Amino acid sequence: MADAAVKEKPAAAEGERELTDGFNLLIEALKLNGLNTIYGVPGIPITDFGRMAQAAGIRVLSFRHEQNAGYAASIAGFLTKKPGVCLTVSAPGFLNGLTALAHATTNCFPMILMSGSSEREIVDLQQGDYEEMDQLAIAKPLCKAAYRVLHAQDIGIGLARAIRAAVSGRPGGVYLDLPAKLFGQVMDAEKGKQSLVKVIDAAPVQIPSSDSIKRALDVLKSAKRPLIILGKGAAYAQADDAIRSFVEKTGAPFLPMSMGKGLLPDTHPQCAGAARSTVLKDSDVVMLIGARLNWLLSHGKGKAWGEAPKKFIQVDIEPKEMDSNVEIVAPVVGDIGSCVGAMLHAMGAWPAPPADWVKTVTSKRDENVAKMAPRLMNNNVPMDYHGALGVLRDIVKARPDAILVNEGANTLDLARGIIDVYKPRKRIDVGTWGIMGIGMGYAIAAAIETGKPVLCVEGDSAFGFSGMEVETICRYKLPVCIVIFNNDGIYRGTDVNNASSDPATTVFVKGSRYDKMIEAFGGTGVNATSPDELRRAVNEAMDSGKPTLINAVIDPKAGSESGRIGNLNPQSALKKK
Ligand code: ADP
Ligand code: TPW
Ligand code: MG
């Protein structure tokens, strides 16, 4: 049907008038708003759209599965503050992309999922169209906003709404439904041009009230044991200099959340990353900047936060976030650039935090770092996580511009703690949901959006969720080095099923050679069995910029169930020993 609609398009002119159509209007609308990259998978009704967009100078990255294209778009949004665009076909393609749209919304990343859809009249009467599905209704509860454009003259305004909804306030995912018929609709070219909208000031600054700034500073100044927590919202805000100056001026220990790492280097004297339990437990005033008190921070209460009463200050663009889990005594609502700027401005002379607190935190940190050091230098074969991660830690130190993508369980938790990050937005990972499958999509978008080399540190299970995209990486010749921590399975490769001849549910084929996969597509594969081999292979890959996949053989006994979050795993009380 879509193809029929395209064919109906009259030749170049109708009388004297110049004409345009839905395809061209959407392309022009995207370009007008600086959306020059699309991540997607082609098919009816968007195949021609992809071709035409490419011809018009838009970069169209064609993936092997929409979920990976969607994750790419979501992280493009995080890295650039512009909505990442994902383009899919109807029903199944749309559903494949939807997980990523929900993920973008959950993580506060701006993204637009544009999906072709089938004929409204048939969908609404449920008469069984090709890939029939009421996509708008399904998308609505899973994203920040969902719109449908039915007429070519509304493409401009529809995209403008989508962009504004994605990036203003708390960023999130937006669904834009594009029925097949829309693309072939023809209209006067001049009128079409006039219908386009360039979004002015898509994410207006949100200035915090001066009262809220004063209240926050008063509380922070009163602290005997202050702590600042920097979340991925702070990284997203791109207010790097202001954040660094503010944190340094307070002299307070800071704790970066996973993707907040690098806003100030992990090696900064105030960094309390290696004294996490101490600062959570013993702090008396905690300022959250772009971080939510969700499960990743034990909801701001309970054992992790200790007995002593605590006062929370929260800086966030979303007013509803305040008091979400515990009382926020000093809410500062606004965009982080404006809020941190205002606090810096109003601070005046700032007293250093009590010396005994600073000393407690730094000694704990130094003690933990020293304890870890010898483990990172071990040369065990087969490798354990520490030996392999010690190597990657050195490599990232020497290459602080590289972007680190990280997923897995043990591979995630240990890499997060061990690999220091030195610059903002250089670490991207499983995010708020702890989702497996972001790996290759994130790597592709990171390379495309930043032009920097990418190092992916992947559990063997985690990698499997998006592994087919190594072909995409090879096809676009991206500077991506994938290191697979191959421990033969999920958490550990040693599980045994005693009930039948089937393998246990958490183990994979033993001794798999993931490096062979990339060779099928012309990339470089390396099997690394020792820290030295791993070091050589990664350095070579990063120097060459060639797509590389390194199968790092890890002792199957080295990991633990669910990594660091085994406590969240319910166990059957009736389980037989
Ligand atoms: P983390 O997982 O790193 O702790 P979260 O995703 O939980 O971070 O929190 C990010 C927070 O940052 C969200 O509450 C979001 O509303 C907020 N945020 C995102 N962008 C901005 C911004 N530009 N200004 C202020 N707050 C922001
Ligand atoms: C979309 C559940 C959490 S971690 C993990 C799974 C399947 C894989 C851990 O094994 P891996 O790492 O990657 O080999 P390692 O080093 O511990 O062996 N489906 C989705 N998301 C999640 N989080 C899961 C399942 C899970
Ligand atoms: Mg594994």
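Just so we're clear, the structure is a prediction, and the values are computed from it rather than from any experiment.
When atom types are taken as modelled, the side chain of Arg365 and the backbone of Cys271 share a donor-acceptor pair closer than 3.5 angstrom. Side chain of Ser283 to main chain of Leu227: no donor-acceptor pair is present (N/O by atom type, distance under 3.5 Å, no hydrogens or angles). A donor-acceptor pair is defined here as one N or O able to donate and one able to accept, closer than 3.5 Å; no such pair exists between the side chain of Thr411 and the backbone of Gly408. Side chain of Asn33 to backbone of Val197: a donor-acceptor contact under 3.5 angstrom is found. At distances below 3.5 Å, at least one donor-acceptor pair connects side-chain atoms of Thr80 with backbone N or O atoms of Ala76. Remark: side-chain polar atoms of Asn368 are not paired, donor with acceptor, to backbone N or O of Ala275 under 3.5 angstrom. Side chain of Glu327 to main chain of Val329: no donor-acceptor pair is present (N/O by atom type, distance under 3.5 Å, no hydrogens or angles). Side-chain atoms of Ser298 do not come within 3.5 Å of backbone N or O of Gly300 as any donor-acceptor pair. Not one N or O on the side chain of Asp420 forms a donor-acceptor pair closer than 3.5 Å with the backbone of Thr267. The backbone N or O of Leu79 lies less than 3.5 Å from a partner atom in the side chain of Gln238, making a donor-acceptor pair.
For the residue pair Leu176 and Gly158, the shortest heavy atom distance occurs at CD1-O, 4.0 Å. Nearest approach of Thr278 to Trp357, heavy atoms of both residues: O-CH2, 4.3 Å. Of all the heavy atoms in Ala330 and Val219, the pair that sits closest is CB-CG2, 4.2 Å. Here the shortest heavy-atom pairing between Ala216 and Val332 reads CB-CG2, 3.5 Å. Taking every heavy atom of both residues into account, Ile229 and Leu280 meet most closely at CD1-CD2, 4.2 Å. In plain terms, the two heavy atoms of Ile27 and Ala53 that are nearest each other are CD1-N, 3.5 Å.
Just one residue in the list Thr106, Asn107, Thr99, Thr105 forms a side-chain hydrogen bond (donor to acceptor under 3.5 Å, both in side chains) with His103, and that residue is Asn107.
The number of heavy-atom neighbours closer than 6.0 Å to NZ of Lys249, taken from other residues, nucleotides and ligands shown, is above 12. In this structure, Asp218 places its CG atom where more than 12 heavy-atom neighbours from other residues, nucleotides or ligands lie under 6.0 Å away. Heavy atoms from other residues, nucleotides or ligands lying under 6.0 Å from NZ of Lys144 number more than 12.
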Quiz item: Given Asn406 and Arg416, is the side chain to side chain donor-acceptor pair (under 3.5 Å) satisfied, shown in steps?
Solution: CA-CA 8 Å; Asn406 189 198; Arg416 187 200 299 117; over 6 Å; no

Exercise. Show your reasoning for whether side chain to side chain donor-acceptor pair (under 3.5 Å) applies to Ser117 and Ser90.
Key: CA-CA 5 Å; Ser117 59; Ser90 21; over 6 Å; no

Exercise. With side-chain contact (heavy atoms from CB on, under 4.5 Å) as the test, would you mind laying out the steps for Leu95 and Met133 before giving the verdict?
Key: CA-CA 10 Å; Leu95 287 173; Met133 175 172 276; 3.5 Å; yes

Practice problem: Check the pair Leu264 / Glu248 against side-chain contact (heavy atoms from CB on, under 4.5 Å), numbers first and verdict last. | Solution: CA-CA 9 Å; Leu264 287 86; Glu248 288 183 339; 4.2 Å; yes

Exercise. Please step through side-chain contact (heavy atoms from CB on, under 4.5 Å) for the pair Ile444 and Val480, ending with a clear verdict.
Key: CA-CA 8 Å; Ile444 291 167; Val480 174; 5.7 Å; no

Exercise. Show the numbers, then the answer: is there a side-chain contact (heavy atoms from CB on, under 4.5 Å) between Val405 and Val430?
Key: CA-CA 9 Å; Val405 176; Val430 300; over 6 Å; no

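Contact annotation: the side chain of Asp401 never approaches that of Thr450 to less than 4.5 Å [non-hydrogen atoms, C-beta and beyond]. Side-chain contact between Val85 and Met114 is present, with at least one heavy-atom pair separated by less than 4.5 Å. Put simply, the side chain of Thr20 does not reach to within 4.5 Å of the side chain of Glu190, judged on heavy atoms. Taking 4.5 Å as the limit, every side-chain heavy atom of Asn68 sits out of range of all side-chain heavy atoms of Tyr442. Contact check for Leu150 versus Arg120: side-chain heavy atoms found under the 4.5 Å cut-off. The side-chain heavy atoms of Val396 and Leu455, taken from C-beta on, include a pair separated by under 4.5 Å. When side chains are defined from C-beta on, Leu142 counts as touching Leu98, because their heavy atoms get closer than 4.5 Å. Using a 4.5 Å heavy-atom cutoff, the side chains of Ile243 and Ile336 are in contact.
Listed by first and then second residue, the salt bridge (charged side-chain N to carboxylate O under 4.0 Å, His left out) pairs that reach into residues 280-303 come to none, sequence neighbours excluded. Annotation: salt bridge (charged side-chain N to carboxylate O under 4.0 Å, His left out) contacts involving residues 266-278, sequence neighbours excluded, comprise Lys261-Asp266. Listed by first and then second residue, the salt bridge (charged side-chain N to carboxylate O under 4.0 Å, His left out) pairs involving residues 158-179 are Arg148-Asp177, Arg170-Glu321 (not counting sequence neighbours).
For the pair Lys81 and Tyr236, the cation-pi criterion (under 6.0 Å, within 45° of the ring axis) is fulfilled.
One side chain, Lys232 or Thr432, offers a donor N or O that lies under 3.5 Å from an acceptor on the other. Judged purely by distance below 3.5 Å, without hydrogens or angles, the side chains of Ser363 and Asp366 never pair a donor atom with an acceptor atom. In the model, Gln67 has no side-chain atom that pairs as donor or acceptor with a side-chain atom of Asn96 under 3.5 Å.
The line from CD1 of Ile419 to NZ of Lys397 is 13.5 Å long, rounded to the nearest 0.5 Å. Rounding to the nearest 0.5 Å places CD of Glu469 at 10.0 Å from CG of Leu61. For the atom pair CE (Met259) and CG (Asp429), the distance works out to 6.0 Å, reported to the nearest 0.5 Å. Of the inter-residue distances, the one linking Gln270 atom CD with Phe254 atom CZ reads 7.0 Å to the nearest 0.5 angstrom. The CE atom of Met343 sits 11.0 Å away from atom OG of Ser338, with the distance rounded to the nearest 0.5 Å. Atom CG in Leu220 sits 6.0 Å away from atom OG1 in Thr250 (nearest 0.5 Å).
Taking the six-membered ring where tryptophan is involved, the planes of Phe109 and Phe78 are tilted, since the angle between them lies from 30° to 60°. Classification of the Phe49-Phe23 ring pair by plane angle, with boundaries at 30° and 60°, yields parallel.
Residues Phe312 and Trp305 bring their aromatic ring centres within 6.0 Å. Close placement of the Phe94 and Tyr175 rings is indicated, their centers lying within 6.0 Å of each other.
Asp356 and Lys224 are not joined by a salt bridge, as no carboxylate oxygen comes within less than 4.0 angstrom of a charged side-chain nitrogen.
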